[in-house]
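Lettering of chains follows the sequences in order, A, B, ..., and the numbering in each one begins at 1.
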Protein chains: 2
Amino acid sequence: MVRRVITLLRRRGYKVTPQRRAILRVIVDSQEHLTPADIYERAHKEYTGIGLVTVYRTLDILDKLGLICEVHAEDGRRSYLLTRPSEHHHHLICSDCGKVVDFTGCRLGELEKRLSRETGFEVESHLLEFIGCCPSCQKAAST
Amino acid sequence: MVRRVITLLRRRGYKVTPQRRAILRVIVDSQEHLTPADIYERAHKEYTGIGLVTVYRTLDILDKLGLICEVHAEDGRRSYLLTRPSEHHHHLICSDCGKVVDFTGCRLGELEKRLSRETGFEVESHLLEFIGCCPSCQKAAST
DNA sequence: ATTCTAAATGAAAATCATTTTCATTTACTA
DNA sequence: TAGTAAATGAAAATGATTTTCATTTAGAAT
């Protein structure tokens, strides 16, 4: 996984630095969505010589290459998640603990067509997120 | 419209100040989505003795009461729009000029049920935004 | 009408995430 | 192995939002 991304980076003319490796490893190893600060904290343990700025810059690149994707947190902060090879997907976010579950199959093509027809917009993309309470937080809440 | 909101504010125990009236009038008079700074600027013309902080605070209240709703801008800034009485609606946002068009009828109930079944989440709400290019920006772009 | 009090306000400072700057270092090409 | 453009880190800048706190005020109570 990391190897795949590294190859892609090189092919696109980006240099592969220890910082970028560390950041990548953190993202790949985690199944959660992480804020830049989270990633910094973890990567820093592995490779001390790394700055938060570099994390931001690397995340920008990875995002641009479509290797990670941004999650809109409710408070406006951003966080990132590794893009699954399945491409087009959306998030189901727990409003309590922040856990993120991916899903695909949004079936919004029909709606998109309708909107184009009715408004004249040329639709480029969409953002779909469900907010809810995950099973373990439901359990915790009922205690 | 403004009157309706003012009544609601009073009923909920909020005081009706000239600042709040000015902010309300700005929001009701505008069909666009406005950032807190936009609202401040306009309200300030009408009622000079108003601060940006008060705008933020008032927007928080109006949002909490469901009278306005937040729009996720792509750059992470927020902006607000009067909630139409039609309730549940979503946005179609022009990536070029930022124009926002509301729409209803998202038909996500089916998907929501599927997600609940598959993940055990208790879905509370969802966020759906389409990003695209509005007719006038399309025209401008082809010039 | 006047008094009273909790709520609301504004100015300034604090926060906090993110971006920019710039001098230094480094990955990779030739 | 040397040369160069890209990458880095530290610090400063930015910009939106929030907090603090002393002062004012809306609206209830008298």
Next item on the list: Measure from CZ on B:R12 to C1' on C:dA8 and round the result to the nearest Å.
Entry: 19 Å
Checklist line | Whole angstrom value for the distance that separates C1' of C:dA8 from CD1 of B:I6 | finding: 16 Å
Notebook entry, point to check: Hey, mind stepping through B:L62 and B:V5 against side chain to side chain contact (heavy atoms under 4.5 Å, CB included) and telling me if it holds?
Noted result: CA-CA 9 Å; B:L62 295 176; B:V5 176; 4.1 Å; yes
Notebook entry, point to check: Is A:V53 linked to A:Y40 within one hydrophobic cluster, defined over Ile, Leu, Val, Met, Phe, Trp and Tyr using a side-chain heavy-atom separation of less than 4.5 Å?
Noted result: no
Item checked: Note, B:I27 side chain near B:Y80 side chain (heavy atom, < 4.5 Å) -> no
Margin query: Show the nearest heavy-atom pair for residues B:D63 and B:I68, with the distance to one decimal.
Written below: OD1-O, 3.4 Å
Margin query: Distance check needed: D:dA26 P versus B:R20 CZ, whole Å only.
Written below: 11 Å
Next item on the list: Find out whether A:T17 and A:T58 are in side-chain contact, i.e. whether some heavy atom of one side chain is under 4.5 Å from a heavy atom of the other.
Entry: no
Notebook entry, point to check: Separation of B:D38 atom CG from D:dA16 atom P, in whole Å?
Noted result: 11 Å
Next item on the list: Grab the two heavy atoms, one from B:D38 and one from B:H33, that are nearest each other, plus how far apart they are.
Entry: OD2-O, 4.5 Å
Margin query: Could you tell me how far apart A:L34 (CG) and C:dA17 (P) are, to the nearest whole angstrom?
Written below: 15 Å
Checklist line | Over all atoms of both residues, closest heavy-atom pair of A:Q19 and A:G49 | finding: NE2-O, 3.5 Å
Next item on the list: Please answer: with hydrophobic residues joined when any side-chain heavy atoms are less than 4.5 Å apart, are B:Y14 and B:V26 in the same cluster?
Entry: yes
Next item on the list: State, to the nearest 10°, the angle formed by the axis through the first five base pairs of the helix from C:dA1-D:dT30 to C:dA30-D:dT1 and the axis through its last five.
Entry: 30°
Next item on the list: Would you sort out whether B:R21 and B:V2 count as a side chain to side chain contact (heavy atoms under 4.5 Å, CB included), showing the intermediate values?
Entry: CA-CA 8 Å; B:R21 283 173 192 279; B:V2 171; 5.8 Å; no
Margin query: Using every non-hydrogen atom in the two residues, find where B:P36 and B:L52 come nearest and quote the distance to one decimal.
Written below: O-CD1, 4.0 Å
Checklist line | Selection: residues 46-59 of chain B, any non-hydrogen atom under 4.0 Å of DNA chain C | finding: B:G49, B:I50, B:G51, B:V53, B:T54, B:R57
Check: Quick one: what's the B/S/- string for nucleotides 24-30 of chain C, heavy-atom cutoff under 4.0 Å, read 5' to 3'?
Finding: ---BS--
Note to self: How close do B:F121 and A:Q138 get, counting heavy atoms only, and between which atoms?
What the structure shows: C-NE2, 3.7 Å
